[in-house]
Structure formats: C-alpha cells, structure tokens
**Student:** 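A single structure is presented below for examination.
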There are 2 protein chains.
Amino acid sequence: MHQPCKDPLERFVEQCRDHNLRVTPQRTAVYEELMSAANHPSAELVYHRVREKLRHISFDTVNRTLLKFAEISLIGTVEGSGEPRRFDPDTSRHDHVICSRCGRIVDLAPPAADDPPVPPEIRRRYLVTNRRVVFRGTCEACQADQEPQGRRTSARIR
Amino acid sequence: MHQPCKDPLERFVEQCRDHNLRVTPQRTAVYEELMSAANHPSAELVYHRVREKLRHISFDTVNRTLLKFAEISLIGTVEGSGEPRRFDPDTSRHDHVICSRCGRIVDLAPPAADDPPVPPEIRRRYLVTNRRVVFRGTCEACQADQEPQGRRTSARIR
DNA sequence: CTTACTGCAAACCATTTGCACGATC
DNA sequence: GATCGTGCAAATGGTTTGCAGTAAG
C-alpha cells in the first residue's frame, strides 16, 4: 500500500463493505459530490449537482443514498432539519438535548458562566442574535426500548 | 395596578398591540396552551390540545398564529425544524452559524479548549453522542439586502 | 365601519413507499 | 444467480395560499 493517510473514497468503500452496501456508480457520485460540497446541501441540491455527472440518476436515488449514508454515520445531518417545525415557548437563553431516536427535546439551563463565545470574525460579519448548545444522544426510555433502529454507530462523548 | 411582575398574558396582549395584531380568542388560547406546554410542540400538537378548549378552531389558524408569534419573537422555533433536511459531509466535532434570513449554514472550528460540558444529570440519563454550538443571526449579504423580511425584532448578543 | 382574522379548500413542496427492472457481488 | 439498488410513479405529510365570510378595534 502506498497511501499513508486514508483518502475519503477509500473510507467510503470500506464503510459500504462494513454495512453490506453495494458500491454503485450512483452512490460513488453522491458521495464525491457531497464531500466537495461547501454548504450543507439539501437532497435537492445534491441531486442537481450530481446530475451533471450522471445525467440519468433520479432524485429518489440521491435522497435514499444520502439517508442511507446518514444512517451509517458516513455523513451527518443538520439537527432539526427535515422534521416538522417545533415551537419553543421559552425565548430566553437556554440549551437543548435532543434524543436522536424519539426526537424529544429537553431544555437545559445555560452554563452558569462560560457561555460559548461568538468567534470574533463571526461577530464582525454577522448580527448574531441567538446562541444555543445542542446535545444529541439517546434518552433513557429509548435506550431501554429494544426496537431495531438506525444510527447506532456513534460512540459516547465526554 | 396590583401586579408587580408582568404575567405572560399581559405580555402577550402588549406584544399584540405593539405589532397591530388583534387579540382574538383563538390567539389567546394558542398562546396559553403553548406557554403551558412542556416539550417544544409541533403545530399539529398545539392544535389538538387547543381544540379541547376551542372545539371549532382550525388547524390553519393555529399554524398561522404560531408562525406569527415566532415572527414577532413572542416565541421561538427550534432551529432547523420545518426546513428541508440538510446534510453535513463533516462528521467531526464542529459548530454552526445559521443566517436566519437566507438559511445559509457556515461551519466553525470548535473552541480550542472549553468545549461546552455535558451537564452531569444529562450524562447520566443520555447516551450523548454529539455536541454542537449553534449561533443564529443575519449574515453580511442579508444585512445589506433591503428586502422586507420577517423577524427583525431581536437584539444583537455579545 | 374599517381592517384584520378565521375557516375551508386547494395547492404546494419535500419526503416516503411499492414495485418491476437492472446491476453488483 | 441471489440479493440489493435504481428509477418511476403514486401516496403521504407538513406547510402555505386564496378567498369569502366574520369579528376586533
């Protein structure tokens, strides 16, 4: 082998094998496109871009592929996106814990001190009005519940 | 007056006046319901609950009311929710800045040290797999852009 | 009495599902 | 060659819009 650091494509093929997913031209194209994407694209956007390479690919394939990739944690999703809008009666500064399994959101008091600072370049270029820390994980109830479920790949953080 | 601290209902009526919104039984019911709601409900859920009091209220009214409340910052929304799903090629620990106006999401390197800690009770009850700081505000381009737009109420934070 | 709000219906958009054909392993 | 993936089409679910009737200020 002559590649000391594993390139993304290799990681992709490896992950597919680990999860019994076949390596198809469509999946490869979607993966490559997403890896070169700068800004957290929607399925729609990935579809339009991939289409320049694989002119006959369907939207459904792109969407299913992205969902599948997220399921095996090859990629991530922006928390909240793709789910029905939810309202928050509390407009004061506070944090959230979201259960990735059941979707329940629990409020957290913000840290007594040491609120995460707005980075200087961001404060200069944005009119920042809101800040929140979002934790994702599996709640007690869902841990107890045995139902088979997607994304179980990720490891606990400290 | 005999109310030293302003109660929520009063705040509601005041905010309505400030924004030329009429105080209707429907709006009042939606507001009261949301204020007593524990868990970041969807429009659908608020609708079902409000319906127990105002049996003839329509879903559309509930939904529009919630949207209107969010627009004038009487309530908040869970970031990302209600928008098309977006994918993130980067699975490593990083933060996000979201422009509330155009929706663009920009990545931020996580703080060098002092990552927001998972509160102890949460670490005990959740299998936490992911943590992110989310800033919301208006990006340069959108600040320059004059188009009239909703939510412009909130003040800059530091 | 003016202007905004509500309720109903239809439109819209993103996402999901079922199925037959085709491709990968 | 068996199984999984793809593409098409239709269904679904949440959200949005237009409009005529109704109510708040």
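All chains are named by letter (A, B, ...) in the order of the sequence lines, taking the proteins before the strands, and each is independently numbered beginning at 1. Every value quoted in this text rests on a predicted model; they were computed, and no experiment measured them.
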**Student:** Roughly, in whole Å, what's the span from CZ in B:F59 to P in D:dT16?
**Tutor:** 9 Å
**Student:** Can you name the nearest heavy-atom pair linking B:I98 to B:E79, along with the distance?
**Tutor:** CD1-CB, 4.4 Å
**Student:** Give me the atom names and distance for the closest heavy-atom approach of B:V118 to B:R123.
**Tutor:** O-NH2, 3.6 Å
**Student:** In this structure, how many angstroms lie between the P atom of C:dC5 and the CD1 atom of B:I57, rounded?
**Tutor:** 14 Å
**Student:** Nearest heavy-atom pair of B:S58 and B:Y47: which atoms, and what distance?
**Tutor:** C-CE1, 3.6 Å
**Student:** Measure from the side-chain heavy atoms of A:A43 and tell me the nearest of C:dG7, D:dT6, C:dT15.
**Tutor:** C:dT15
**Student:** Please tabulate, one pair per line, each protein N/O and nucleotide N/O from nucleotides 18-23 of chain C that are separated by under 3.5 Å, including the distance.
**Tutor:**
from	atom 1	to	atom 2	distance (Å)
C:dG18	O6	A:R64	NH1	3.4

**Student:** Quick check on B:R93: does its CZ atom have over 12 non-hydrogen neighbours (other residues, nucleotides or ligands) under 6.0 Å away?
**Tutor:** yes
**Student:** Which of the following nucleotides, C:dC5, C:dT16, D:dG25, is nearest to the side chain of B:L21?
**Tutor:** C:dC5
**Student:** Using atom NE2 of A:H19 as one end and atom C1' of C:dC25 as the other, report the distance to the nearest whole Å.
**Tutor:** 18 Å
**Student:** Separation of B:R17 atom CZ from D:dA24 atom C1', in whole Å?
**Tutor:** 13 Å
**Student:** Mapping B:Q26 and B:R86 onto DNA chain C by nearest heavy atom, which one lands closer to the 5' end?
**Tutor:** B:Q26
**Student:** Rounding to an integer number of Å, can you tell me how far A:H48 NE2 sits from C:dC13 C1'?
**Tutor:** 13 Å
**Student:** Nearest whole Å is fine: how far is C:dT24 P from A:R27 CZ?
**Tutor:** 11 Å
**Student:** Could you tell me whether the side chain of B:R51 and the main chain of B:H56 form a donor-acceptor pair under 3.5 Å?
**Tutor:** no
**Student:** Can a donor-acceptor pair be found, under 3.5 Å and without considering hydrogens, that links the side chain of A:R101 to the backbone of A:C142?
**Tutor:** yes
**Student:** To the nearest Å, how far apart are B:R55 CZ and C:dT6 C1'?
**Tutor:** 18 Å
**Student:** Between the opening five pairs and the closing five pairs of the helix from C:dC1-D:dG25 to C:dC25-D:dG1, how far apart are the helix axes, to 10°?
**Tutor:** 50°
**Student:** Are any of A:R85's side-chain N or O atoms less than 4.0 Å away from OP1 or OP2 of D:dT16?
**Tutor:** yes
**Student:** Do A:F12 and A:E32 come close enough that some side-chain heavy atom pair is under 4.5 Å?
**Tutor:** no
**Student:** Between D:dG13 atom C1' and B:L45 atom CG, what is the distance in whole Å?
**Tutor:** 16 Å
**Student:** Kindly say if A:S58 contacts the phosphate of D:dG7, meaning a side-chain N or O under 4.0 Å from OP1 or OP2.
**Tutor:** yes
**Student:** Could you pick out which residue, A:H56 or B:N63, lies toward the 5' side of DNA chain D when each is mapped onto its nearest nucleotide?
**Tutor:** A:H56
**Student:** For B:R85 and A:A43, indicate whether the former's side chain and the latter's backbone hold a donor-acceptor pair under 3.5 Å.
**Tutor:** no
**Student:** If you take all heavy atoms of A:F135 and B:P117, which pair is closest and at what distance?
**Tutor:** CZ-O, 3.4 Å
